[in-house]
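Hydrogens, waters and symmetry mates are skipped; everything else that's a heavy atom, side chains included, is used.
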Amino acid sequence: DDANSVTLQLQWVTQAQFAGYYVALDKGFYEEEGLDVTILPGGPDIAPPQVLAGGGADVMLNWMPSALAAREKGLPVVNIAQPFKSSGLMLTCWKDTGITSVEDFRGKTIGVWFFGNEYPFLSWMSQAGIPTDGGEDGVTVLKQGFNVDPLLQREADCISTMTYNEYGQVLDAGVSPDELVTFKYEDQGVATLEDGIYALEENLSDPVFQDKMVRFVRASMKGWEYAGANPEEAAGIVLDNDETGAQTEAHQVRMMGEIAKLIEGSDGSLDVADYERTVATLLAGGSDPVISKAPEGAWTSAITDAALK
Amino acid sequence: MAYVLALIVWGFGWWLNIRLSHSPRADTRLFSLLIPIIFGLTIVVMWEILVQMLDISAVILPAPSAIAARFAVSTHLLWADFEQTILKGAMTGYVLGAIAAFAVAILADRSPFLTKGILPVGAFMAALPIVGTAPIFVRWLGSDWHSKAAVVGVMVFFPILVNTVAGLKDSTAMQRDLMRTYGAGYWTTLFKLRLPAAMPFVFNGLKIATTLALIGAIVAEFFGSPTVGMGFRISTSVGQLAMDMVWAEIIVAALAGSAFYGLIALMEKRVTFWHPSQR
Amino acid sequence: MPALVVVAVIIAVWTLAVVPMNAHLTADQAQRDGLVMTPEAPAERQEYSGLVLAFKNPQIIPLTYTQTRPRLPSPHQVTAELYDSVFTKKITSKRSLVYHGWVTLSATLLGFAIGTGLGILLAIGIVYSRTMDKSVMPWAITSQTIPILALAPMIIVMLGAIGIQGLLPKSVISAYLSFFPVVVGMVKGLRSPDAMQLDLLRTYSASPSQGFWKLRLPASVPYLFASLKIGISAALVGAIVGELPTGARAGFGARMLVGDQYGQPMVTWAALFAAAITAAALVAILTLIERQTLRRMGMEAA
Amino acid sequence: MTQDMTIHAQGLDLTFDTNDGPVHALKDVNLEIKKGEFVSFIGPSGCGKTTFLRCIAGLETPTSGEISVNGMTPDQARQARAYGYVFQAAGLYPWRTIGGNIRLPLEIMGFSKSEQAERVARVLDLVDLNGFDRKFPWQLSGGMQQRASIARALAFDADILLMDEPFGALDEIVRDHLNEQLLQLWARTEKTIGFVTHSIPEAVYLSTKIVVMSPRPGRISDVIDSPLPRERPLDIRDSVEFIEIAHRVRDGLRAGHIDE
Amino acid sequence: MTQDMTIHAQGLDLTFDTNDGPVHALKDVNLEIKKGEFVSFIGPSGCGKTTFLRCIAGLETPTSGEISVNGMTPDQARQARAYGYVFQAAGLYPWRTIGGNIRLPLEIMGFSKSEQAERVARVLDLVDLNGFDRKFPWQLSGGMQQRASIARALAFDADILLMDEPFGALDEIVRDHLNEQLLQLWARTEKTIGFVTHSIPEAVYLSTKIVVMSPRPGRISDVIDSPLPRERPLDIRDSVEFIEIAHRVRDGLRAGHIDE
Ligand SMILES: Nc1ncnc2c1ncn2[C@@H]1O[C@H](COP(=O)(O)OP(=O)(O)OP(=O)(O)O)[C@@H](O)[C@H]1O
Ligand SMILES: Nc1ncnc2c1ncn2[C@@H]1O[C@H](COP(=O)(O)OP(=O)(O)OP(=O)(O)O)[C@@H](O)[C@H]1O
Ligand SMILES: Cc1ncc(C[n+]2csc(CCO)c2C)c(N)n1
Ligand SMILES: [Mg+2]
Ligand SMILES: [Mg+2]
C-alpha cells in the first residue's frame with residue numbers, strides 16, 4: 001500500500017557504496033518500520049532526478065551538485081538526509097608526469113565523469129584559474145568512461161576516482177601508490193556533498209509521505225550504522241543483492257571499509273556548514289556556474305529531526 | 001480535453017495527407033517533401049498540445065517550442081558536435097566498414113566454402129552489441145573519434161556483407177548461362193552481370209547501415225569521449241536534466257540521418273532504375 | 001566445416017595480436033615485479049609500438065598471455081572464462097552465463113516478436129496506402145537515426161511512470177531496433193512482384209487482400225527472411241542496450257558493464273562472446289526455418 | 001451500341017513515355033467485336049497487338065479514345081471477372097506448383113475445394129500435362145510452362161478469353177491439337193476470344209474475324225470477316241476459301257512491312 | 001574422330017532430380033555434327049531439345065555418356081568462345097539498353113569501341129531494330145526482345161551458333177526475312193548451327209540435317225540428311241523434295257506423340 005511502500009533509486013549499480021540500504025533491507029530494519037522498500041539499482045544512463053520526476057521512485061540518492069542543478073532546472077528536489085559526511089572524490093595522477101600541484105595540471109589531460117558529476121571539477125578549475133578547453137596552459141578534459149583504463153593506458157595523465165572504488169582498482173591493476181599522486185577534493189577545499197537522500201518537494205508537504213520518509217531515513221541510518229560496524233557482513237549482503245553475479249568479495253569488502261570512513265561522523269542529518277560550502281563551491285563556477293544563485297528550500301531537517309528523536 | 005484536441009489535430013493532418021497523396025501531383029518532388037513534413041508537423045503540434053495541457057515536466061519531455069528555442073541558441077555547439085560525431089566518427093566508419101564488407105563479400109563469393117565460413121562469422125560480429133564493443137574500442141583506440149569510427153565500421157559491416165553476398169547470387173540462371181556461353185571469366189561475370197544484378201540488394205544494406213552508423217557513433221561516445229560530440233552532449237545533458245538540449249541533438253541526428261539516408265536512396269534510384277521496385 | 005577454418009584463422013590472428021596489444025601493460029607489470037625493461041621509464045615506453053616493445057623485451061612475450069587485466073585477452077582466457085561461467089555454474093546461479101543469457105534472451109524474443117509484427121504491419125500499410133508510404137516511411141527512417149541509448153532512459157522513465165517495469169521496457173527498445181530492417185525488407189519484398197504477375201491478378205479482379213495473400217506475401221518471403229536475420233541480431237543488441245538504463249541488474253549487458261567497471265575484462269569478453277554466440281544460434285535457427293520454408297515453396301534452387 | 005456487341009473500341013490512341021521520347025504504340029484504332037466471335041490479331045512484332053489486348057482487359061489506359069466491354073468500362077468488366085488472359089510469357093508464380101498455379105484463379109473466385117481439384121485435373125488433361133501437377137515451373141520446359149499458363153486461363157469460365165501468342169512455343173502437332181480443342185471449347189461455350197498469333201494459317205483456321213495490324217504507330221490495316229463455317233475440320237486448311245483468306249492476310253502483312 | 005567433326009555426342013543420358021522423383025530428360029542420345037552443318041532439332045514440347053542444346057554448350061552436365069566439341073570438352077570450347085547462344089526466352093539484362101545488351105559479348109571479348117559500335121549498328125539493322133538502340137528491354141514488345149537477343153548472339157563471330165526457338169515469337173514475314181538472312185550468314189561464314197524449332201517448314205528450309213526427337217525420356221527418333229542444295233531460294237518450299245522431307249518429319253513427330 002501507498003502509505004508504507006518506498007522505492008529508492010540508487011545512482012549506480014549495486015555495490016557497497018549503497019551498503020546501508022541493502023543492509024536495512026536485508027536485516028529487516030525497513031520491515032520493522034512497517035515499510036515495504038524496493039531498491040532500484042542505477043547505471044550509466046539513469047538520471048535519478050528524472051526517475052523521481054517521472055514517478056518511478058519516491059526517493060533517490062544523488063550528489064548535491066547534480067541535485068541542485070536539477071532544482072534550478074525546475075525539478076524541486078529536497079535533501080532530506082545526508083548519510084555521507086565527507087567526499088570520496090579525487091583525482092589520481094601518474095607521478096612521473098611531474099604533477100605535484102594543481103598548477104601542474106596545465107597542459108595535461110584529465111579524465112572527468114560527466115553526467116552531472118562534472119560540476120565539482122569545473123568549479124575547482126575555475127577557482128584555480130585553469131581553463132578547461134584544452135589550450136596550452138589549460139587542461140584537456142576527457143569524458144571518462146566507467147573504468148580506469150585511460151590512466152592505465154596513459155591516455156590521460158589524471159583521472160577521477162572514488163577513494164572507495166576506482167582508486168582501489170588502479171592499485172588492483174598492479175600500480176603501487178608510490179607511482180601515483182592524488183588530489184582529494186576534500187583536501188582542495190572544493191568538496192561537495194555526495195550521496196544524499198532526496199525527495200520531491202511537493203510530496204514532502206503530504207504528512208503521510210513525510211511519515212514514510214521519517215521511517216525510511218531512520219531505518220536506513222540504522223542500516224548504515226550496522227554496515228559500518230560489520231563491514232564484512234555488509235559486503236556479503238551487497239554481494240547477495242548483486243544480480244549480475246560479477247562483483248567480487250575482496251573488492252566489496254575494501255569498498256565497504258572506505259565507505260565507512262565517509263559516513264563516519266554523520267547521523268544522517270545535513271550539516272549546514274557542509275551545505276554552505278557546497279553551494280559556495282558551485283556558485284564559484286566561473287563564467288558558467290553550475291547554479292546561478294543560492295538555492296532556497298533545497299534541504300530540510302524536518303525528516304531527520306523526527307527520525308533521530 | 002487535451003487528448004480530444006490532439007486527436008482533432010491528428011485527424012486533420014491525416015486528412016490533409018490523404019488528399020495530398022492521392023492528388024495527381026503526389027509524385028512531384030514538392031509533394032514528396034510536403035507530405036512527410038505535414039505528418040511531422042501534426043505530431044509536433046500534438047506533442048506541444050499534450051505537453052502544455054497535461055503539464056508534463058520539462059525534465060521528462062520538453063515542449064517542441066522549448067526544444068526549438070534551445071536549438072536556435074546553440075547552433076555553434078550543435079555544429080561542433082555534428083562535425084565530431086557525424087563527419088569524423090560516423091562517416092569514416094561507414095566508408096571503411098562498407099569497403100571492408102564489399103571486399104569480404106567478393107572474397108567470400110569466390111568460393112562456396114568461404115561463403116559458408118565467413119557468413120556465420122559475420123553474423124557473429126553483427127551480434128557483438130555496441131555496449132560491449134564500444135568500451136573495448138575506446139580502450140584500444142582512445143577516446144577521440146577513431147574509436148567511434150571503429151565501432152561504426154563493425155556495426156555496418158554485416159548488413160552490407162549479407163546483402164552483397166545475397167545480391168551477388170541474385171542473377172537468374174539464364175543470365176548466368178549467357179555469361180558461360182561467352183566463356184566469360186570470374187571477373188568479367190562479376191563486373192558485367194553479378195555486380196549490377198546485386199545493386200538492389202547492396203543498396204538495401206547500405207540504407208540499413210546509414211542509420212546504424214549514426215547510432216553507433218553517438219552511442220559509443222557514452223563510453224568515453226573528448227568534451228565534444230553528440231553522444232557526449234546527450235549524456236552530459238541528460239545528467240544535467242537539460243532535456244531540451246538532448247532533443248536538440250536528437251533533431252540534429254534525425255536531420256543528418258534522414259539526409260544521409262536520402263542521399264543513398266537517391267543514388268539507389270539512379271543505379272537501380274531498372275528494378276521493378278523502382279518503376 | 002568452413003566456418004571452423006575461418007574461425008581458426010581469426011583465432012590465429014587474434015593470438016598473435018595479443019602480444020603487441022598487451023606489451024605495454026605487461027612491461028609495466030614486469031618492471032614492478034623486478035624485471036629490467038628497455039627503455040626504463042614507463043612514459044618513454046609509450047613512444048614505442050607494442051610490437052617494437054615486445055621485440056626489445058622478448059621475456060615479456062609469454063607474460064602477455066596471462067595478464068589479469070589485458071587490453072586484449074588471449075583466446076584461451078576468454079574460452080576458460082566462458083567455460084567456467086557456462087558449464088561449471090548451476091544455471092540458476094547469477095554467476096552462470098546461462099542464467100544471464102535467459103534474462104537477455106527473453107527480452108530479445110519478446111522484442112523481436114513485437115518488432116517483427118509491427119514491422120510487417122507497417123510495411124503492409126506502406127505498400128497499400130499511398131498516404132502511409134508518403135508520410136510514414138520517411139519518419140520510420142528518421143526514427144532509426146535517433147540514438148536509442150539517449151531515448152532509452154526516457155522510454156524507461158515514462159513506462160516506469162505508468163507502472164510498467166521488468167521485461168517490457170527492455171523489449172520495447174529491442175523492438176524499436178528490430179522493426180526497421182523488417183520494414184525495409186518487407187516493403188521491398190511486397191513490391192517485388194513484376195508487372196506480369198500483378199497484371200495476372202488484375203485480370204482476375206482479385207481483391208487487395210487476395211493480392212496480398214496469393215502474390216505479395218509469398219513473393220516477399222525471401223526478403224522477409226533476410227530481414228528477420230538482421231532483425232533478430234538487432235533485437236538482441238536492443239535488449240542488451242536496454243539492460244543498462246533499467247538498472248543493469250542482470251543479463252549480458254549488465255555483465256558487460258560491471259565487468260568493464262570493475263576491471264574484469266574477462267567477464268566483459270565472455271558476455272560479449274556469449275551474446276554473439278546466442279545471436280549466431282538465433283540466426284542459424286532462422287536460416288533453418290528459411291531453408292525449410294523456401295524448399296516447401298519450391299524456391300530454393302530457382 | 002447493341003447488346004450483343006461485346007467489345008467496342010473507338011479512336012483509341014496510346015503513347016508510352018520512355019527515357020528517349022514518346023513511343024506511339026496505338027493510333028486511331030477502331031474495332032467492334034460481337035459476343036461469341038473469335039478474333040485473331042496478326043501483325044509484325046512491335047505493332048501493338050499486346051498493347052491493344054491489354055487495353056481491352058483494362059491493364060493499359062488509352063491516352064485517348066473510348067473502349068467498352070459488355071457495355072461497361074474495361075475496369076468494370078474486370079470487376080465482373082469477365083476475362084481469362086494468357087500472357088505472351090508464361091508468368092507462372094515460382095512458389096506454386098503447376099497445379100497450384102492453375103488453382104490460383106479458382107481460389108480467388110471462390111470455387112469449392114472439390115470443384116478446384118476437378119477443374120485442375122480437367123485442364124491439365126486438356127493441355128496434356130497430366131502428372132506435372134506437383135512440379136514447380138522451373139522444372140518444366142518452355143513449352144510446358146506456356147501450356148500450364150493456358151490451362152490456368154481455361155480453368156475458370158471467363159466470358160472473354162484473351163490470348164497473347166499462346167501457342168508460340170509449341171510444336172505443330174500439339175499446336176494442331178490445341179487449336180482443335182480451343183475451337184471445340186469455343187463452339188461449346190460461346191466465349192468471345194481475342195487471339196494474338198504470328199501464324200497466318202492458325203489465324204485463318206481459328207477466327208471468325210482477322211485483324212491485321214501495321215506498325216509504328218500501330219494501326220489496323222485490315223479487318224477480314226471469315227466466310228468459313230463455324231464447324232472446321234483440320235483439312236479445311238486445304239480449301240480454296242482458306243487459301244484466299246490466307247493470301248489476303250499475307251498481303252496485308254507485307255504491306256505493313258513495306259510501309260515501314 | 002576426324003578433324004572436321006565439330007560435335008560428337010555418344011550415349012548421352014541426363015536425369016534431373018526433382019522434388020517428386022527423377023525426370024529422365026535425355027536417353028542414349030548419339031549424334032554427330034560436322035563443321036559447317038545446319039542442324040535443326042524438332043520434337044514435341046518437353047522432349048529435351050533445350051536440354052540437349054545446353055549439353056552441347058556445356059551448360060548442363062550429362063549424367064552419363066560423352067560429348068566433344070571441336071575435339072574438346074564443351075567446357076573447354078566455351079573457354080575458347082566457340083558459342084553464340086540464343087535462349088528460348090530473351091534474357092536481356094534489364095540494366096542495359098538494347099544497344100548495351102548487344103555490346104555485352106563484344107566488351108567481354110575485347111572488341112575496340114569503334115568496332116563495337118559498328119557491329120551493334122549492323123546487327124540491329126539485321127534484326128530490324130534500328131532506332132531501339134537506347135531503349136530498355138521492358139520498353140520493347142516480346143518479339144522485339146527476342147530479336148534483340150538474336151542480334152546479341154550474332155554480334156560476335158562464334159564458330160557454333162546454338163539457337164533455341166529463336167523465331168518463335170516472330171510473325172511470318174519477319175521470320176522469312178530472318179530465315180533468309182540466317183542462311184546467307186551461314187553460307188558466308190561456314191558456321192555450324194544448332195537450331196531448335198517447332199515449325200516443320202522452317203526446319204526443312206534451313207537445315208542440312210534434321211533431328212527429330214521423341215519425349216519422355218528424350219530420344220532421337222530420326223535423323224534426316226537433307227538432299228536440298230545449299231543455295232535455297234524461298235520458293236524451294238514448293239519443290240517435291242521439300243514436301244517429301246516435310247512429310248517424313250511430320251511422320252516422325254506424330255509417331256513420337258502416339259508413342260506417348
Ligand atoms: N531444371 C530442371 N529440373 C527438373 N526437370 C527439368 C529441368 N529442366 C528441364 N526439365 C525436364 O526435362 C524435360 C526436357 O526439358 P527441355 O526443356 O529440354 O524440353 P524442350 O524439348 O526444350 O521443350 P520445349 O519445346 O517445351 O522448350 C522436361 O520434361 C522438363 O520437365
Ligand atoms: N512499357 C512500355 N514502355 C514503353 N514502350 C512500350 C512499353 N510496352 C510496349 N512498348 C512499345 O509499344 C510498341 C508496341 O508494343 P507491343 O508489346 O504492343 O507489341 P506487339 O505487337 O505485342 O509485339 P510482339 O509481337 O513482338 O509481342 C512497341 O514499339 C514497344 O516498344
Ligand atoms: C554516467 C555516470 N557517470 C558517472 C557517474 C558518477 N558516479 C556516481 S557514483 C559512482 C560510482 C563510483 O564507483 C559514479 C561513477 C554516474 N552516476 N553516472
Ligand atoms: Mg506482344
Ligand atoms: Mg525448350
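When heavy atoms are compared at a cutoff of 4.5 Å, C:F252 does not approach chain B at all. For C:L177, the part lying under 4.5 angstrom from a heavy atom of chain B is the side chain only. Using a 4.5 Å cut-off between heavy atoms, B:I218 touches chain C through its side chain atoms alone. The part of C:I10 that comes within reach of chain B is its side chain, from C-beta onward, which places non-hydrogen atoms under 4.5 angstrom from that chain. C:V5 touches chain B through its side chain: at least one heavy atom from C-beta onward sits under 4.5 Å away, while N, CA, C and O do not.
With chain C as the partner, the residue from B:F201, B:W14, B:Y261 showing the most heavy-atom pairs under 4.5 Å is B:Y261. Of the listed residues B:T211, B:I234, B:L212, B:L61, the one with more heavy-atom pairs under 4.5 angstrom with chain C than any other is B:T211. Ranked by non-hydrogen atom pairs under 4.5 Å with chain C, the options B:T210, B:I136, B:T42, B:N163 are led by B:I136. For the set B:G231, B:G117, B:S111, the count of heavy-atom pairs under 4.5 angstrom toward chain C peaks at B:G117. No other option in C:L72, C:V7, C:D133 has as many heavy-atom pairs under 4.5 Å with chain B as C:L72. The candidate with the highest count of non-hydrogen atom pairs below 4.5 Å against chain C, out of B:F158, B:F260, B:F222, B:F223, is B:F222. Most heavy-atom pairs under 4.5 Å with chain B, from the set C:T287, C:D260, C:D194, C:V187: that is C:D260.
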Could you pull out every donor-acceptor pair under 3.5 Å between side chains of residues 243-255 of chain B and any protein atom, sequence neighbours left out?
unit_1: B:D244; atom_1: OD2; unit_2: B:R70; atom_2: NE; d: 3.4

Solution key, residues 147-159 of chain C side-chain donor-acceptor pairs under 3.5 Å, sequence neighbours excluded:
none

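Using a 4.5 Å heavy-atom threshold, the side chains of C:M256 and B:P135 count as separate.
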Quiz item: So B:N204 and C:K188, side-chain contact (heavy atoms from CB on, under 4.5 Å) or not? Walk me through it.
Solution: CA-CA 9 Å; B:N204 225 13; C:K188 199 156 203 112; 4.0 Å; yes

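No side-chain donor-acceptor contact under 3.5 Å links C:W139 to the backbone of B:F39.
B:I18 contributes atom CD1, which lies 11.0 Å from atom CE of C:M132 (distance to the nearest 0.5 angstrom). Remark: B:W140 CH2 to C:R71 CZ distance equals 8.5 Å, nearest 0.5 Å.
Counting all heavy atoms, side chain and backbone alike, C:V237 lies closest to B:P129 at CG2-CA, 4.0 Å.
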